[in-house]
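Fair warning: this is a prediction, and the values are worked out from it, not measured in the lab.
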Amino acid sequence: MPFQFALPTTSAFSFSSSFASESHPSLPLNASTHRGVVRDALKKYKRLPPSSQGPNLPSLISNINTYLPYVLAIDAGLGRASQQGEEINVVLTSTPITEWRPTISENPVPGRETPRTKVQSLEYDLFFTLSTLGYAYTLLARYSLHPLYVISSEPLSAQARTTAITTATKHLLDAASVHDYLARRAEALSTTPPCADIAQPTARAMASLALAEATLLAVLKDDPYPAVVSQDRNDNDREWMYRAPEIPKVRAHLFARLCLAAADHAAQASSLCQPRKGGWKMNEGLVQYLEDIRKTCRAKACRFFGIDAELSGQTGNAIGWLRCSLQELGIVPKEAKKGLSLSRMKKDWSEKREDKKIERGTNWGSDAGKLEETRVIEMLEAKWTKVNDTMMTQPIPNGATLLASLPSGRDLHTIKPFQPPALTRQSLESMRALPDQADDYGGDQPSSDDDERTAVGTPVGAFPGTSGSYRSESTRSYY
């Protein structure tokens, strides 16, 4: 958590080949220049190792935000709109054709890279740019949360943990704002988008997903139990030598309703991404993640109702709520067994594999926090069951009865309207001059596909400078 999006890449494009401006002749050239910077930044990000991609995200977001005012100015100029009191006049000279590589649509050929989609509209090219900005904000939130789950170093202090969660929440709300803006713009279009990545239901689903993740982080900030479980698993922790972990009382009922609201947002996102007859199909990993985060949210809500019951002295009801949590996660509670157990070995192996993913920073949290929540529930169930068996001896109610009493959710965050960046008056005035160079950002630029083909062009063991003497048009072996 949050979801690990893959950022799309795009082809080169010259705005001067499709647009001309009488009022601001240098506008197409400046748009091409900044689009080329974004394209190079996306290619660079894709080639970086996973450990280096996170620190590169702020630069990538800055490049996109710098490019957006120029493409929005061209879009406004097509309708003879004005910005900063200056009227912009842009004329379409030919149909713009760009290519983008989708990342959340179903891959038609599993095991190979998704082919590029041809985009023949400035509006849909803008949609891809905006969706990329939203994904980048989500990845930046994910990068901010990564230190919370690393167990190979000393655990974060309470202040550092709060700062990381607050920062990640801000980035997720920014992502929700961008996706909501994209969805509202898409409502005004009557044409069919070229792929599912920039369809209106997809944008609405991504906004709901980001809002659900931000709501969960609001709960995580004041939820002490995941930190206690992580601290117990951390071999570098030394705090246990001089004091026990502090578990303050939480506003359990409020947190439970927040989790139910997050579950509603996740369910809405999941329903929007379900395959429809004759329509596009979304990436199976994303669809599964949406279902997993819905389950995790409901399991957290049940756990907090259990904590509320335990604080009231109702240990039997508390254990019943924990079993409801396991039921929401799809886990069948089993009696504890001593000695070796195949299920225990399988669980330990899964946890070690997830820990390695966290250490490498690759694809961690793909289960939307189900494993982490299971650890917390099992810790509380073992503690409360021992107390109930030895002291309270209260009956444990049926799970169906407890689930029927779930209240409605309560929203904490609202999506703020996205304010697209705009050009300053000085920038607009400077673009009234004629361009001082040719707009050569078109199709002559090498694409990422060309880079991948030429990356293995030199045969292994060939003498330097003699690669042209070898057969290099195909990577297949021949004898």
Could you tell me which residues satisfy side chain to side chain contact (heavy atoms under 4.5 Å, CB included) with [X], sequence neighbours excluded, listed by chain and number?
| X | result |
| --- | --- |
| A199 | P193, P201, T202, W280 |
| T93 | A20 |
| Q120 | T95, I97, K118 |

Does [X], at its [atom1] atom, have more than 12 non-hydrogen atoms belonging to other residues, nucleotides or ligands within less than 6.0 Å?
| X | atom1 | result |
| --- | --- | --- |
| R432 | CZ | yes |
| R185 | CZ | yes |
| E284 | CD | no |
| E187 | CD | yes |

I'd like to know if the side chain of [X] reaches the main chain of [Y], judged simply by a donor and an acceptor atom lying under 3.5 Å from each other, with no hydrogens or angles considered.
| X | Y | result |
| --- | --- | --- |
| S144 | L140 | yes |
| E291 | V287 | no |
| D411 | H413 | no |
| S32 | P28 | yes |
| S82 | E87 | no |
| T215 | L412 | no |
| S270 | L290 | no |
| S131 | F128 | yes |
| T117 | P194 | no |
| R294 | A267 | no |

Q | Nearest-0.5 Å distance that lies between atom CG in L220 and atom NZ in K300 | A | 6.5 Å
(Q) Nearest 0.5 Å, please: how far is NZ in K221 from CZ in R161? (A)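 Spacing of CZ (R161) from NZ (K221) equals 12.0 Å.
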Q | Residue of the set T9, D197, D125 for which side chain to side chain donor-acceptor pair (under 3.5 Å) holds with W100 | A | D125
Sequence neighbours left out, what passes side chain to side chain donor-acceptor pair (under 3.5 Å) with [X]? Give chain and number order.
| X | result |
| --- | --- |
| T103 | none |
| R184 | D180 |
| R303 | D223, E373 |
| S177 | none |

Q: Would you name the heavy atoms of A422 and P69 that are closest together and state the gap between them?
A: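 Taking A422 first and P69 second, the nearest heavy atoms are C-CB, 3.8 Å.
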Q. Where do A175 and T138 come nearest, in terms of heavy atoms and distance?
A. CB-OG1, 3.5 Å
**Q.** D174 with K170: basic N within carboxylate O range, under 4.0 Å
**A.** yes
Q) Do E372 and R375 sit within salt-bridge range, that is, some charged N less than 4.0 Å from a carboxylate O? A)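 Between R375 and E372 there is no salt bridge, as every charged N stays at least 4.0 Å from the carboxylate O atoms.
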Q: Walk me through it: do V71 and R35 pass the test side chain to side chain contact (heavy atoms under 4.5 Å, CB included)?
A: CA-CA 9 Å; V71 65; R35 190 183 189 280; over 6 Å; no
Q | From CA spacing to verdict: side chain to side chain contact (heavy atoms under 4.5 Å, CB included), T191, E123 | A | CA-CA 11 Å; T191 56; E123 188 74 6; over 6 Å; no
Return the set of residues passing ring pair (Phe, Tyr, Trp, His ring centres under 6.0 Å) with [X] (not counting sequence neighbours), or none when no residue passes.
| X | result |
| --- | --- |
| Y45 | none |
| F5 | F3, Y135 |
| Y67 | none |
| H34 | Y70 |

Q. Does a side chain donor of either T163 or Q159 reach within less than 3.5 Å of an acceptor in the other side chain?
A.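 The criterion, which ignores hydrogens and geometry beyond distance, is not satisfied for Q159 and T163.
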Q: Not counting sequence neighbours, which residues clear salt bridge (charged side-chain N to carboxylate O under 4.0 Å, His left out) with K370? List them please.
A: D292
